[in-house]
Amino acid sequence: MIIRSVTSAQIPEILAIFNEAITNTTALYDYEARTIEKVTQWYDAHVQNDFPVIGAFDEADTLLGFATYGHFRPHDGYKFTFEHSVYVRTDARRRGIGEKLLTALIAEARKRPVHSLIGVIDADNTVSIRLHEKLGFHFCGKIPQAGFKFGRWLDVVFYQWINTIFTIY
Ligand SMILES: CC(C)(COP(=O)(O)OP(=O)(O)OC[C@H]1O[C@@H](n2cnc3c(N)ncnc32)[C@H](O)[C@@H]1OP(=O)(O)O)[C@@H](O)C(=O)NCCC(=O)NCCS
């Protein structure tokens with residue numbers, strides 16, 4: 001397995017991973033599957049902003065998962081805080097890929113002006129919560145009934161990693 005940056009060639013594979021999560025899970029709160037145009041816009045914006053999009057690839061160069069981050073909130077004062085995400089294909093889980101991707105994302109974040117990464121996680125997503133706790137993210141808040149999907153209210157929790165070395169004076 002190889003960890004490296006994804007290119008625009010992987011957009012269809014990213015689309016498939018997003019849409020599996022949208023259709024079958026509450027990992028994403030979208031109702032409608034994304035389109036190739038929407039994911040292309042998303043990818044281009046990440047490239048323009050120098051946000052890493054890191055992929056895990058098998059020997060055949062198939063994308064097994066990816067991790068990335070983007071703006072946390074679109075206001076100047078949040079410019080050092082980012083919301084990240086990590087997705088692994090359903091048939092590639094429990095092989096350490098999510099952990100490798102998130103570890104690589106943190107390493108990239110350390111090279112950039114990033115003070116904080118925030119995981120915005122559905123409160124029932126214990127797998128993601130355990131992954132984040134394992135990598136040193138700390139629980140920093142919960143919004144009950146912040147979401148509504150599949151006919152029920154969803155609580156959302158926030159997990160934070162702070163780059164204590166990156167400081168602004
Ligand atoms: C969350 C996700 C990225 C984990 O990826 P993964 O490659 O399966 O995880 P890993 O094999 O690297 O496991 C790393 C750690 O995560 C936790 N974990 C992973 N799968 C787990 C499971 N089924 N049950 C409990 N803990 C689990 C464990 O702490 C594990 O460490 P361990 O192996 O020492 O126990 C993956 O399940 C996924 O893509 N889920 C759907 C999308 C999603 O929820 N993304 C996060 C949105 S915030």
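Worth knowing before you read on, the calculation uses all heavy atoms, side chains too, and leaves out hydrogens, waters and symmetry mates. Note that the structure is a prediction, hence the values are computed from the model and not measured. In listed order, ligands and their atoms are each counted from 1.
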Give the contacting part of N125 toward ligand 1: side chain, backbone, both or neither, where contact means a heavy-atom distance below 4.0 Å.
side chain
Please state which protein non-hydrogen atom is closest to [atom] and give its distance, to 0.1 Å?
atom: atom 39 (O) of ligand 1; result: V88 N, 2.8 Å
atom: atom 47 (C) of ligand 1; result: S128 OG, 4.0 Å
atom: atom 37 (O) of ligand 1; result: R93 CD, 3.4 Å

For atom 26 (N) of ligand 1, which of the options E133, R130, K134 provides the nearest non-hydrogen atom?
R130
With atom 21 (C) of ligand 1 as the reference point, say which of H132, E99, R94 has the nearest heavy atom.
R94
Rounded distance (nearest 0.5 Å) linking atom CZ of F148 with atom OH of Y29:
12.0 Å
Nearest 0.5 Å, please: how far is CG in L28 from CD1 in I17?
11.5 Å
Just by distance, do the side chain of D58 and the backbone of A60 share a donor-acceptor pair under 3.5 Å?
yes
K149 side-chain N/O to L154 backbone N/O, donor-acceptor pair under 3.5 Å
no
Element-labelled atoms of ligand 1 that are located less than 4.0 Å from some non-hydrogen atom of [X]:
X: Y87; result: 39 (O), 42 (C)
X: I121; result: 48 (S)
X: V127; result: 1 (C), 17 (C), 18 (N), 19 (C), 20 (N), 21 (C), 22 (C), 23 (N), 24 (N), 27 (C), 37 (O)
X: A27; result: 42 (C), 43 (C), 44 (O)

Short N or O distance, [X] and ligand 1, threshold 3.5 Å exclusive:
X: G96; result: yes
X: G98; result: yes
X: R95; result: yes
X: V86; result: yes

If we count only non-hydrogen protein atoms and require a distance under 4.0 Å, does atom 8 (O) of ligand 1 qualify as touching the protein?
yes
Taking only Lys NZ, Arg NE, NH1 and NH2, and the carboxylate oxygens of Asp or Glu, determine whether [X] and [Y] approach each other closer than 4.0 Å.
X: D61; Y: R4; answer: yes
X: D124; Y: R152; answer: yes
X: R130; Y: E133; answer: no

May I ask you to decide if the ring planes of H132 and F137 are parallel, tilted or perpendicular, using 30° and 60° as cut-offs?
perpendicular
Between Q10 and T7, does any side-chain donor sit less than 3.5 Å from a side-chain acceptor?
yes
Cation-pi geometry met for R110 and F166 (6.0 Å, 45°):
no
